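For reference, the structure discussed in these notes is given below.
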Number of protein chains: 2
Amino acid sequence: MTVRQDIHNSDIPVLCQACEARHHGVCGALDPNKLVALAKTSSRRQVDAGTELIGDAEAIHSYANVLSGVVKLTKTLSDGRQQIVGLQFAPDFFGRPFRAESAINAEAATRVSLCSFPKAALERIMKESPGLQGRLLGQTLKDLDAAREWMVTLGRKTAAEKIASFLLLIARNIDRVSDPNMRTAAFDLPLTRNDIADFLGLTIETVSRQLTKLRADGVIRIENNRHVVVVDISRLEARAGS
Amino acid sequence: MTVRQDIHNSDIPVLCQACEARHHGVCGALDPNKLVALAKTSSRRQVDAGTELIGDAEAIHSYANVLSGVVKLTKTLSDGRQQIVGLQFAPDFFGRPFRAESAINAEAATRVSLCSFPKAALERIMKESPGLQGRLLGQTLKDLDAAREWMVTLGRKTAAEKIASFLLLIARNIDRVSDPNMRTAAFDLPLTRNDIADFLGLTIETVSRQLTKLRADGVIRIENNRHVVVVDISRLEARAGS
DNA sequence: CGGGGTATTGAGTTCGTTCAAACAAAGTGG
DNA sequence: CCACTTTGTTTGAACGAACTCAATACCCCG
């Protein structure tokens, strides 16, 4: 990708010029001055799948934009039962404003690249840029909508419908099938069977059986356990129980 | 309750003086001038249980503070299966900023009194009062935390644990048992068995059986189907599966 | 080729559901 | 005032979807 060199971009920190978050993420609310200030304290990094980003009941030191990969947010009961309560895809923002402690655990589900900045820096800039607070509210509302949507899936859908809903969620976020005339999709699953089970409130065996059933029915193909080809998206939607 | 007549309160609209939302709710962010402006367009009203406040896919015309009673937020699948995705207690704010359409349905679960204001008025004042946006973000984060907490309940808890978690939620919000040395609680259930089932992702029969079991085990007493006395809160907590 | 993590498949069980009936409280109207 | 509906709740018996436990298969990587 070539970086545009016109006069406007010259004010934008190099780090941010090609960043998706600058257009659709929280950084889009910032003028060049603020962006420079934030970029000074921010740092990009790549982490492997399985890296813990925010520990449950740990102090929160930083916020981050997800630039690529998938971050899973989990909660765990005292006896070890686990539930994934959210997935963050690029260019989502994550972190917990206005709270010293996090009630959830954030972990890289895949290899993830992040742009993170210290809590203090973001909160200072937030005071000066009301637009940033609005973006943050927007992100939070989006997360809330997603959480409530998933509550329906968890509380009222069958195992078969849960799996179909999950595959659609991934297809829409990884393969970006918002286009309704797109008939097919293909992607690598960002989650293991164990993660999928923890996301859907099922066991790994049930997840496996339902995937096998979708494959046997010709709705999907699975290659190497992780790569999924959705043969016909509308057939998958029909099984997701809208 | 007597209204204080000192010089400060004289600037506060009569409607707001005794209002809980002015201290803990979104209105707390407003100075007297802004409060007067908002109060001019706002109106109090009481509605009966079952009244629809926001229809799914309907345009949103107003926001509201819940002053008393309980509002349930529901989502419905195309075949009629329903899930309650949130409960709003006083002095919660509800309504959906930045979106013309609501994806959820809001209905009074009990008799509810509301202080509602038109969408446009709130959004205008929000531009002028950055503190209000912060409060709104705070309310949204609170809702998000509650939703994620409930996702764990829906996805990973047994029917018995779901019922215990539900009773604790109600006890904490209706009877305000935040005090940890409070050993007992009593309240009227704000939801029917049907609502409880829709909140917990269960059937009414399972809800009824689990309540009967808690009663048989001496953890709770039930009077007139609606009034619940929690004999020992810590025993209920032990059954909620933290 | 072997080994370790991950995924699939099978058999039996359990928890919550479904279907059905009885019960209770609160109207409604003759 | 009492039969009769209506609505909400409880209880029972049988069923089934998802779980548990156990064995087998797959895939990557050294």
Side-chain angles (χ1 to χ4, degrees), chain A residues 48-50 72 77 79-83 109-111 153-167 188-217 220-228 239 241, chain B residues 48-50 72 77 79-84 107 109-111 153-167 188-217 220-228 239 241:
Chain A
D48 281 327
K72 59 177 185 183
L77 297 176
D79 62 359
R81 279 175 289 176
Q82 206 169 46
Q83 176 69 44
T110 63
R111 182 160 184 75
T153 302
L154 288 172
R156 287 301 185 203
K157 290 190 184 175
T158 64
E161 289 169 332
K162 285 180 177 181
I163 292 288
S165 302
F166 168 72
L167 291 176
D188 280 329
L189 285 174
L191 303 182
T192 65
R193 301 291 188 274
N194 224 306
D195 285 338
I196 299 173
D198 284 348
F199 191 37
L200 296 173
L202 298 171
T203 58
I204 55 171
E205 293 93 333
T206 301
V207 170
S208 184
R209 277 186 250 270
Q210 294 300 334
L211 284 173
T212 301
K213 185 155 192 304
L214 281 179
R215 189 160 37 111
D217 294 355
I220 59 171
R221 278 184 292 128
I222 303 180
E223 291 154 15
N224 299 334
N225 279 342
R226 280 292 191 116
H227 191 74
V228 173
R239 288 169 185 245
Chain B
D48 281 327
K72 59 177 185 184
L77 296 176
D79 62 358
R81 280 174 290 175
Q82 206 171 45
Q83 175 70 45
I84 294 182
E107 186 182 324
T110 62
R111 183 161 184 75
T153 302
L154 289 172
R156 287 303 185 202
K157 291 190 184 175
T158 64
E161 290 170 332
K162 285 180 177 180
I163 292 288
S165 303
F166 168 71
L167 291 176
D188 280 329
L189 285 174
L191 303 183
T192 66
R193 300 292 188 272
N194 225 307
D195 285 338
I196 299 172
D198 283 348
F199 191 37
L200 295 172
L202 298 171
T203 58
I204 55 170
E205 293 93 334
T206 301
V207 170
S208 182
R209 278 186 251 271
Q210 294 299 336
L211 283 173
T212 302
K213 184 155 193 304
L214 280 179
R215 189 160 36 111
D217 294 355
I220 59 171
R221 278 183 292 128
I222 303 179
E223 291 153 15
N224 298 333
N225 278 343
R226 279 293 190 115
H227 191 74
V228 172
R239 290 169 184 244

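For the numbers below, each heavy atom of this structure counts, side chains included, while hydrogens, waters and symmetry mates do not. In this text, all values refer to a predicted model and were calculated from it rather than measured experimentally.
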- Nearest-angstrom distance from the residue atom CG of B:Leu214 to P of D:dT10: 12 Å
- Within this structure, what is the CG-to-C1' distance between A:Asp195 and C:dT6, rounded to whole angstrom? 12 Å
- Rounded to the nearest Å, what distance is computed from the CZ atom of residue B:Arg226 to the P atom of nucleotide D:dT7? 16 Å
- Gap between atoms NE2 and C1', on A:His227 and D:dC27 respectively (whole Å): 17 Å
- Message: Need one value for B:Ser208: base, sugar-phosphate or nothing, where a base atom within 4.0 Å counts as base even if backbone is also close, heavy atoms only.
- Response: base
- Query: Would you say A:Gln83's side chain and A:Phe199's backbone share a donor-acceptor pair under 3.5 angstrom?
  - Reply: yes
- Note on the structure: note: A:Leu200, atom CG; D:dC19, atom C1'; distance rounded to Å ~ 15 Å
- Item | Sub-4.5 Å side-chain heavy-atom contact between B:Asp188 and B:Thr110 | no
- Note on the structure: Going 5' to 3' through nucleotides 15-25 of chain C and flagging B where a protein heavy-atom sits under 4.0 Å of the base, S where only the sugar-phosphate is that close, and - otherwise, we get -SBBB------
- Any donor and acceptor pair, going by atom type alone, linking the side chain of B:Arg81 with main-chain N or O of A:Arg156 inside 3.5 Å? yes
- Task: May I have the distance from B:Arg81 (atom CZ) to D:dA17 (atom C1'), rounded to whole angstrom?
- Result: 13 Å
- Query: With B:Leu211, which of B:Val228, B:Ile220, B:Asn225 fulfils side chain to side chain contact (heavy atoms under 4.5 Å, CB included)?
  - Reply: B:Ile220
- Query: Is there any salt bridge (charged side-chain N to carboxylate O under 4.0 Å, His left out) pair reaching into residues 202-216 of chain B, and which pairs are they, with sequence neighbours excluded?
  - Reply: B:Lys213-B:Asp217
- Partner of B:Leu202 by side chain to side chain contact (heavy atoms under 4.5 Å, CB included), out of B:Thr206, B:Ile204, B:Asp198: B:Thr206
- Task: Could you tell me the separation between the CD1 atom of B:Ile204 and the P atom of D:dT7, rounded to a whole number of Å?
- Result: 14 Å
- Task: Rounded to the nearest angstrom, tell me the gap between atom CG in A:Leu211 and atom C1' in C:dT9.
- Result: 14 Å
